[in-house]
Amino acid sequence: QKEVEQDPGPLSVPEGAIVSLNCTYSNSAFQYFMWYRQYSRKGPELLMYTYSSGNKEDGRFTAQVDKSSKYISLFIRDSQPSDSATYLCAIGGSARQLTFGSGTQLTVLP
Amino acid sequence: DAGITQSPRHKVTETGTPVTLRCHQTENHRYMYWYRQDPGHGLRLIHYSYGVKDTDKGEVSDGYSVSRSKTEDFLLTLESATSSQTSVYFCAISEPLGRDANYGYTFGSGTRLTVV
C-alpha cells in the first residue's frame, strides 16, 4: 500500500462546477497537508497548506483534512478553465519530508 | 521566492553515458531535493540534501548519485544512463511559508531527459 493514494482521474467538468479532489494516507503520524498545482510542462506550485484537521479557505479553494479518516480534500468552487491543471496532494510528518500523491488531472471546459 | 534554476532544460543522451543535472538556488536554503516525475507515479524522491555534503537517499535512488559542495548547488548524476531513467526531473527547495513557521517546497522548471 502506498503511503499516499490519489485518484489520477482524469476529471473533466464544465465551467462553474464545484470540483472535489481527494487523497488518502496511511500514516497517522502525518500532520502536514499541502496541495500543489502543476500546469502542463511546468513545475508544481504550492496552492494551499494546513497542519490541522478541519477546513481552510482561500478564495475559491477550500482544503479539508479529516485525520480520523486519514482523508484530505481540495474543493474548487466556481471552477474556471484556468484551473485546468494537475493537482497533487503532499503529506508528511514533517514539512521538509513530504510524500506526494500521483496527481489528479483536471480539465475545466468553457 | 527562491530563485531556482535547473540546467539543462532538455537533454537527450545515449544509454550507458553519465549525465549530470544541475540545480542552483540563490537564497541559501538548507534543504534541497531531486524528484523524478513519470505518468502514473507522480513525484518520487530520488535524493535530498540537508546541508553542504549532507545528503540522503529517497525511494528511487538506485542508479543516481548526488553531490552538494556548495549551499547553492545540488547536482544529480546518472552514473550510467538507462532508458528507464527517461523522465522529467525536478529540483525543489524547502523554504519558509510565512509567519507560522511552516515550510513548503518550491520547485524548479524541470529537466526533460531522454535516454535513447
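Chain identifiers are assigned alphabetically (A, B, ...) following the order of the sequence lines, protein sequences preceding nucleic acid strands; residue numbering begins at 1 within each chain.
Contact check for L98(A) versus Y105(B): side-chain heavy atoms found under the 4.5 Å cut-off. Side-chain contact between R44(B) and T99(A): absent, with no pair of heavy atoms (C-beta onward) separated by less than 4.5 Å.
If you check the side chains of R96(A) and Y31(B), you find no donor sitting under 3.5 Å from an acceptor.
In terms of non-hydrogen atom pairs under 4.5 Å with chain A, the most contact-rich of S94(B), A92(B), G58(B) is S94(B). When the candidates Q105(A), K42(A), R41(A), E45(A) are compared by the number of heavy-atom contacts under 4.5 Å with chain B, R41(A) comes out ahead.
The hydrophobic clustering, which links ILVMFWY residues whose side-chain heavy atoms are closer than 4.5 Å, places Y36(A) and Y51(A) together. Cluster membership check: L21(A) shares its hydrophobic cluster with F33(A), using side-chain heavy-atom separations under 4.5 Å among Ile, Leu, Val, Met, Phe, Trp and Tyr. Tracing side-chain contacts under 4.5 Å through hydrophobic residues (I, L, V, M, F, W, Y), one reaches W35(A) starting from V108(A); they form part of the same cluster. Note on L74(A) and Y32(A): separate hydrophobic clusters, where clusters join Ile, Leu, Val, Met, Phe, Trp and Tyr whose side-chain heavy atoms are under 4.5 Å apart, directly or indirectly. Placement of F30(A) and L88(A) in two distinct hydrophobic clusters is found when ILVMFWY residues are connected by side-chain heavy-atom separations under 4.5 Å, directly or transitively.
In this structure, chain A has a heavy atom under 4.5 Å from the side chain of Q37(B), while its backbone stays farther away. Proximity to chain A (any heavy atom under 4.5 Å) is restricted, for Y48(B), to the side chain, taken from C-beta onward. Looking at P8(A), neither its backbone nor its side chain comes within 4.5 Å of chain B, counting heavy atoms on both sides.
Among all heavy-atom pairs drawn from S102(A) and G40(B), the shortest one is CB-O, 4.0 Å. Nearest approach of L43(B) to F100(A), heavy atoms of both residues: CD1-CD2, 3.7 Å. Of all heavy-atom pairs between F90(B) and G43(A), the closest is CE2-CA, 3.4 Å.
Taking 4.5 Å as the heavy-atom cut-off, the residues of residues 108-116 of chain B that approach chain A are G108(B), S109(B), R112(B), ordered by number.
Note that CZ of F107(B) and CD of Q38(A) are 8.0 Å apart. Values are rounded to the nearest 0.5 Å.
The environment of E14(B) atom CD is sparse: at most 12 non-hydrogen atoms of other residues, nucleotides or ligands sit within 6.0 angstrom.
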